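Taking it in order: structure first as structure tokens, then the write-up.
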Amino acid sequence: MPRPRAAVPDAWPQADMRRLLLIGPALALLLLAALYAAPLFTDWTARRDQLAELASARIGRPVTLHGPVRLRLLPHPVVEAQGVTLGDAGDGLGFSASSLRLRVDGGALLLGRIAPREVAIVGAELRLPWPPVEAAVLPGSLSTLTAQLVDSRLIIGGVRLEGVQARLIAGDPTQGTRAEGRFAWGGLEWRFEAGVGRPGYDGITPVELTLAMGNASFQARGVLTLDGTVEGSLEASGPDLALLVPGPPGPFRARGRVTVTTDLLAADDLNLDIGGSPARGALTLRLSPTPRLDAALLASRIDLDPWLAALRARPTALPVGLDLSAEAASFRGVALRRLRAAVFREGAAEGGRLTFSDVSATLPGGTRVEMNGATAGERLEAGLHFSGSDLRGTVDALGIGTDWLAPGRLRQGEGRARLVLEPGSVAVPELSATLDGTRISGAGVLRFGARPALGLGLTLDSLELEGWLRPGLDWPTASRLLGGIDANLRLAAERARWRGAVLERASLDAALENGRLTLRRLAGQVAGGDLSASGTALLGPTPRLSDAVVEFAAPNARALSGLLPGTWPDGTRLATEAVTLRATGGGAPDAMSIQAGAEWGDARLEAAGTLDLPGRRGNGTLTLRHPGAPRLLSDALGITPGEPIGQGSLSFIAAFSAGPQGVAAERFDLVLGTLRANGQLALALDAARPRLTGRLAAETVTLPPLSWRAREPLPVAALRALDADLALSIARLEPDDRPVLRDLRGRLRLSAGILAVEEAEATLDGGAARGGLRLDASGETPRMGLSGSLRNVTINAPLLGLPLDLSAGEAEGELRLEASGSSPAALLATLSGEAALTVRRGMLAGIDAAAAGRAAEAGDEPALRRALAEGSTGFDSLSLRASLAAGRATLREGRATGEGVALTLGGELDIARAALDLTATQKPPDPVPEVGIRLTGPAAQPRRVPELSAWLRWRAER
């Protein structure tokens, strides 16, 4: 049988165990809560003195608390007191702070004691003396200083460091003072470590400083001498120089000496490597009287763009001065040589103004520039001086195209200007320069954008208007260049020259806007008169002109004659008359409408037509009027036309066309006094010599008297100036004291100095006259040839004007003459050829042959002498034949027959000397001998000698 189990006491009930587990932590929480809450109910403000003593002991200088005191337990116990003053402990470091934080021991605080573990000064403004000479003999009160600065400001000399978070540790007398932490300066956050050692036996105190900003670092080591100067060395490096100073981005390294005096920190003899480019330089931080940073850089090559961009864009707390020198540099892609520049940037508080002084460089093309100026915000205003012998190369290098200029333009120049650069614009308020020998002054502005706009006002001493555009520049290219910009241009020049014409006191006011060129006014004085022009042109592949007006007015035409070829109208009365001109036009270049009017004295000229400028063609109408044609010819040409044109007005109306090949008057009508003419003429200019062709018809033409014995040279040189082929027709030709020719028709040809009148036909007193004339002026001595014939011509007036002359009859004849010479007298002296004349039923004046025959037969001597000296001889037939040589005509045959007439003529006529030796012999019926008369001497009044010797002997014999 089983054994009974022994009895055991009962275990704790499970419910009691659960209660114990809940009550234990609760009691612990209550205890902790009591311990936490107990300090909160303590009046800490009443314990300010105790806290001040603790802080003084910890910091090492008198501390006074003025404000309330609070306790904060989490995350760790901190006692914070407001209104703190830290007294001067004999080291000149007295300052105030917004609050004082004491981190205390939590266990001691529970026991009612305050045991500070850390002291933090919040919102302090600490002014440290500079230079730190006193550090060489640190007071004992500072020898145990250990504190933290939180959100404070540190002022060292004139340098203000904001947001200082630092820990300051002053060791025992054998150690120095060290500080580490971070601060904000120049908009950047810096980390630092600094140390000032204890002075040695020689009084020299070692110092060191390490600064870091990002991956950039700065280290300086040196010694502090008894006179307050720090001397040592420095090293700096970093991935981006632009983060530290206003400079180009990129890695850098620097090594050199550092010197710190009372009022400045200087780093000189620096060996630099900036972006892989070696350089030398110096850096100076001036602390008094106002802080300023100065840098000097000497490099073999430098890129200015990042330096200037950094100086302009990056704000700096201190004023910055930069001195740059480089043998080669670049600015916006432009290569510079021998650069020297000093730049000063004011601090951010003063607006960041940039000042440029002693800036000089040599631009491409050898142009030397010097500049001084300053910025105001985004505005740069500077004074500029430039000089060079190849300005064109410089302008091309700056990106301003000059390919539209002629090669010889924009070469040498020198000048001064005031330059204003603003975002989107470049202005030159003042300019004084000499370009290619021309003095220029004025102002201008260029505004950039989608359509650049140029405003320019210039005054020049002289302006050459020719030779500016490069050869071969076509209109589409020029229009495209002009169409891309807007411009407002005002020019004034003392003298402007174009193709020999000089425009005095010239002024130009023009505008270019959205492809529309407006010439508001072009004015000046040319050829002694006032010239003005205005108009508008629409640019494009096919430009269009509108409202174009040209006006000219002069009190006389003396100076105007200098613009005309030759010497006309110099020395004429017309040159003293007033001249006015007005022309208007508009339209496309290939169909431009032109209207013009001019007044010159009493002459009025009107023209209207259409021009084709690309084709250099035009057509229209021309009208010239003057109230007195003889007076106009006298005033204009200095000639007195007299009877050839008579009295009357001048009217010339023509429809013309012109082009590169020549000029043509499709129809013209001329009224010149009593002369009426019309026709069609064309002047071709496309051959070696101009060629005049067409037809010319006149109603009545009166030939002026011709002095055949004149010795002045004939104007034959004009015959070599052009060629001609004209069909001539004259209804009535009136030679001087000669029979009138009617319905004259012929052809005038002129070629290479040879003038020929061919196929000439005319009606002469009921008969017909034909002939031709040839004048060869191609050689040194002109040669003339004349041929003609008469058929059934009625003679009703003295024919030759000689003592024996034909006064009536029906004539037929032939004529062939040749001569050479430069004057009419020379032509007469060399005249040669043959002439033949047959007259029927005519009358010979100067002798009565029939009466002489009857008187001789009757033996009546007085009657015979009268018949030989006067009267007229009627004949049935007369034939004459003469030969000419050396200006003398020899009558080889001369016979007249009729009722009671048997007349024989003979002898010579000296045409050149107007002398004659002629005989006229009448043969009475047999056995009566011949009787006659001899005429000798001057042709106008010859000596008449009767030849009666045979007749007198015969009569005596009877």
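All values reported here derive from a predicted model rather than from experimental measurement.
The pair R732-E699 does not count as a salt bridge, with every side-chain nitrogen at least 4.0 angstrom from each carboxylate oxygen. D590 and R617 are not joined by a salt bridge, as no carboxylate oxygen comes within less than 4.0 angstrom of a charged side-chain nitrogen. Here R745 does not pair with D743 in a salt bridge; the nearest charged N to carboxylate O distance is not below 4.0 Å. Using a cut-off of 4.0 Å between Lys/Arg side-chain N and Asp/Glu carboxylate O, R840 and D876 are scored as not salt-bridged. Ion pairing between R604 and E599 holds under the 4.0 Å rule for side-chain N and carboxylate O.
With hydrogens and angles ignored, the 3.5 Å screen pairs no side-chain donor or acceptor of W600 with any backbone N or O of A578. The backbone N or O of I754 sits nowhere less than 3.5 Å from a side-chain atom of S751 that would complete a donor-acceptor pair.
Residues passing the side chain to side chain donor-acceptor pair (under 3.5 Å) test with R888 are E908, D910, sequence neighbours excluded. By the salt bridge (charged side-chain N to carboxylate O under 4.0 Å, His left out) test, R742 is found to be paired with no residue, residues two or more places apart in sequence or in another chain being considered. With sequence neighbours excluded, no residue forms a side chain to side chain donor-acceptor pair (under 3.5 Å) with T838.
Partner D723 forms a side-chain hydrogen bond (donor to acceptor under 3.5 Å, both in side chains) with one of R691, R689, R749 and no other, that one being R689.
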> Given the rule in the side chain to side chain contact (heavy atoms under 4.5 Å, CB included) test, do F875 and L806 qualify, once you have shown the distances and angles that lead to the verdict?
Replying inline: CA-CA 11 Å; F875 56 86; L806 290 170; 3.8 Å; yes
>> Could you walk me through whether M784 and L773 satisfy the side chain to side chain contact (heavy atoms under 4.5 Å, CB included) test, starting with their C-alpha distance in whole Å, then the side-chain angles of each, then the deciding distance to 0.1 Å, before giving a yes or no?
In response: CA-CA 8 Å; M784 185 183 70; L773 173 68; 3.8 Å; yes
> Does the pair L692 and L726 meet the rule for a side chain to side chain contact (heavy atoms under 4.5 Å, CB included), with working shown?
Replying inline: CA-CA 7 Å; L692 182 66; L726 296 175; 4.2 Å; yes
>> H626 vs R631, test: side chain to side chain contact (heavy atoms under 4.5 Å, CB included). Steps then yes/no.
In response: CA-CA 9 Å; H626 193 279; R631 179 160 55 90; 3.7 Å; yes
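The shortest distance between side-chain heavy atoms of L728 and L744 does not fall below 4.5 Å. No side-chain heavy atom of N678 sits less than 4.5 Å from a side-chain heavy atom of L696. Contact annotation: the side chain of I653 never approaches that of T621 to less than 4.5 Å [non-hydrogen atoms, C-beta and beyond]. The shortest side-chain heavy-atom distance between P782 and L775 falls under the 4.5 Å cut-off. Contact check for I933 versus V945: no side-chain heavy atoms found under the 4.5 Å cut-off. The closest side-chain heavy-atom distance from L748 to D725 is not below 4.5 Å. Residues L827 and L714 are in side-chain contact: their nearest non-hydrogen atoms beyond the backbone lie under 4.5 Å apart. When side chains are defined from C-beta on, S823 does not count as touching P713, because their heavy atoms never get closer than 4.5 Å.
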Side-chain donor-acceptor contacts of residues 863-873 below 3.5 Å, not counting sequence neighbours, with atom names and distances?
{"unit_1": "R865", "atom_1": "NE", "unit_2": "E861", "atom_2": "OE2", "d": "3.1"}
{"unit_1": "R865", "atom_1": "NH2", "unit_2": "E861", "atom_2": "OE2", "d": "3.1"}
{"unit_1": "T873", "atom_1": "OG1", "unit_2": "I847", "atom_2": "O", "d": "2.4"}
{"unit_1": "T873", "atom_1": "OG1", "unit_2": "A849", "atom_2": "N", "d": "2.8"}

For residues 917-925, which side-chain donor-acceptor pairs fall under 3.5 Å, sequence neighbours excluded?
{"unit_1": "D917", "atom_1": "OD1", "unit_2": "R934", "atom_2": "NE", "d": "3.2"}
{"unit_1": "D917", "atom_1": "OD1", "unit_2": "R934", "atom_2": "NH2", "d": "3.0"}
{"unit_1": "D917", "atom_1": "OD2", "unit_2": "R934", "atom_2": "NH2", "d": "2.8"}
{"unit_1": "Q922", "atom_1": "OE1", "unit_2": "A902", "atom_2": "N", "d": "3.1"}
{"unit_1": "Q922", "atom_1": "NE2", "unit_2": "G900", "atom_2": "O", "d": "3.2"}
{"unit_1": "K923", "atom_1": "NZ", "unit_2": "D926", "atom_2": "OD1", "d": "2.5"}
{"unit_1": "K923", "atom_1": "NZ", "unit_2": "V928", "atom_2": "O", "d": "3.1"}

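No more than 12 heavy atoms of other residues, nucleotides or ligands lie within 6.0 Å of CZ in R913, so this atom counts as exposed by the packing criterion. Counting non-hydrogen atoms of other residues, nucleotides and ligands closer than 6.0 Å to CZ of R616 gives a total of 12 or fewer. Atom CD of E606 sits in a sparse spot, with 12 or fewer heavy atoms from other residues, nucleotides or ligands closer than 6.0 Å. Counting non-hydrogen atoms of neighbouring residues, nucleotides and ligands closer than 6.0 angstrom, the CZ atom of R711 reaches no more than 12 such neighbours. The neighbour count for R881 CZ, taken as heavy atoms of other residues, nucleotides or ligands under 6.0 Å away, does not exceed 12. For R573, the CZ atom is loosely surrounded, since the number of other residues' heavy atoms within 6.0 Å does not exceed 12.
To the nearest 0.5 Å, atom CG of residue L909 and atom OG1 of residue T890 are 9.5 Å apart. Atom OG1 of residue T580 and atom CG of residue L605 lie 10.5 Å apart, to the nearest 0.5 angstrom. Residue L903 holds its CG atom at 8.0 Å from CG of L878, rounded to the nearest 0.5 Å. Here L764 contributes atom CG and L733 contributes atom CG; the two are 10.5 Å apart, rounded to the nearest 0.5 Å. Taken from CG in L670 to OG in S651, the straight-line distance is 8.0 Å, to the nearest 0.5 Å. To the nearest 0.5 Å, the span separating CD on E814 from OG on S789 amounts to 5.0 Å.
T702 and E734 share a side-chain donor-acceptor pair at under 3.5 Å. For the 3.5 Å distance criterion, the side chains of Q595 and S593 qualify, holding a donor opposite an acceptor.
Between P630 and G648, the shortest heavy-atom distance links the atoms CD-O, 3.5 Å. Closest non-hydrogen pair, I795 versus A811, comes out as CD1-CB, 3.7 Å. Considering all non-hydrogen atoms of both residues, A808 and V839 come closest at O-CG1, 4.1 Å. When all heavy atoms of A896 and V901 are compared, the pair lying nearest together is O-CG1, 3.7 Å. Shortest non-hydrogen contact noted between L685 and P690 is CD2-CB, 3.9 Å. Summarising the geometry of W951 relative to P929, their closest heavy-atom pair is CA-CG, 3.6 Å, with the distance given to 0.1 Å.
Screening residues 761-776 for side chain to side chain donor-acceptor pair (under 3.5 Å) gives D776-S778, D776-R783 as the qualifying pairs, with residues at least two apart or on separate chains.
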